[in-house]
Amino acid sequence: MPEQTQYAPAAHVPFIKSPSLRIPRPIEAPPDIHPLPDDINAYFVYPFTLEPHVFMLESSRRSTLAAHTARHEAYLKQRTEDKDRRRRDALRRIAPGFEPQGAPLVPVRMSEAEGGSGGKAGGAGAESGRTFPEGGERGHVRQRSVMDDLVDHLAALDAANTTAGSSSIPGDAGAGNAL
């Protein structure tokens with residue numbers, strides 16, 4: 001049987017004859033090639049002195065990575081809290097006393113907030129000059145001005161004058177209002 005080369009199947013394939021194309025020469029392997037020697041004990045000579053150094057580097061790398069991860073997570077948490085705080089502040093500029101997770105804001109009439117309802121709005125806040133909405137919520141605080149005090153004082157005088165005038169003479173309707 002004739003010796004077959006690795007290129008024997010390609011011998012009958014027509015190639016384009018060009019000076020740049022040619023079939024390479026077959027590779028000749030040496031007859032004594034072997035991946036392992038006869039005795040592999042030479043491969044078992046390994047100094048294990050580098051192992052603690054490698055483990056120490058790996059543990060320090062892991063601790064550094066954990067510290068970076070914790071710092072990054074803290075930064076992201078602080079950033080989201082800051083964004084939420086800025087959003088809440090913007091909403092409070094539009095609607096003072098608004099809290100996104102809180103109860104909805106309930107409108108309060110000015111006459112009720114100034115003392116018309118008695119104990120609800122005129123309790124502890126009336127002493128310090130501030131009025132609070134119903135339920136004692138201190139989310140929206142309104143400072144009383146000098147004009148508010150003047151209006152309240154004039155209303156009290158008018159109410160006292162009206163009650164004094166109506167109790168004078170039953171037949172005289174205009175006597176109390178003539179002042």
Trainee: Do the non-hydrogen side-chain atoms of H153 and D149 ever get within less than 4.5 Å of each other?
Mentor: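 Heavy-atom side-chain distance check fails, nothing below 4.5 Å.
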Trainee: Does a side-chain N-to-carboxylate-O contact under 4.0 Å join D89 and R86?
Mentor: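 Looking at R86 together with D89, the answer is no, because their closest N to O distance does not fall below 4.0 Å.
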Trainee: Can you tell whether the side chains of K77 and E73 come within less than 4.0 Å, N to carboxylate O?
Mentor: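 Looking at E73 together with K77, the answer is no, because their closest N to O distance does not fall below 4.0 Å.
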Trainee: Taking atom NE2 of H68 and atom CG of L65, what is their separation to the nearest 0.5 Å?
Mentor: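 Between atom NE2 of H68 and atom CG of L65 there are 7.5 Å.
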Trainee: To check you understand the geometry: which heavy-atom pair defines the closest contact between S60 and T64, and what is its length?
Mentor: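 Smallest interatomic distance, heavy atoms only, reads O-OG1, 2.8 Å.
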Trainee: What distance separates Y75 OH from Q78 CD, expressed to the nearest 0.5 Å?
Mentor: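 Going from OH on Y75 over to CD on Q78, the span is 7.5 Å.
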Trainee: Salt bridge between R85 and D82, side-chain N to carboxylate O under 4.0 Å?
Mentor: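 Yes, this pair counts.
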Trainee: Minimum heavy-atom separation for D158 to T162, with atom names?
Mentor: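 The answer is O-OG1, 2.7 Å.
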Trainee: As an exercise, state the distance from CG of L91 to CG of D84, rounded to the nearest 0.5 Å.
Mentor: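 Going from the CG atom of L91 to the CG atom of D84 covers 10.5 Å.
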Trainee: Going from CG on L154 to CG on L150, what distance comes out if it is rounded to the nearest 0.5 angstrom?
Mentor: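 Interatomic distance, L154 CG to L150 CG, rounded to 0.5 Å: 4.5 Å.
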Trainee: How many angstroms lie between CD in E81 and CZ in R88, if you round to the nearest 0.5 Å?
Mentor: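 That separation rounds to 9.0 Å.
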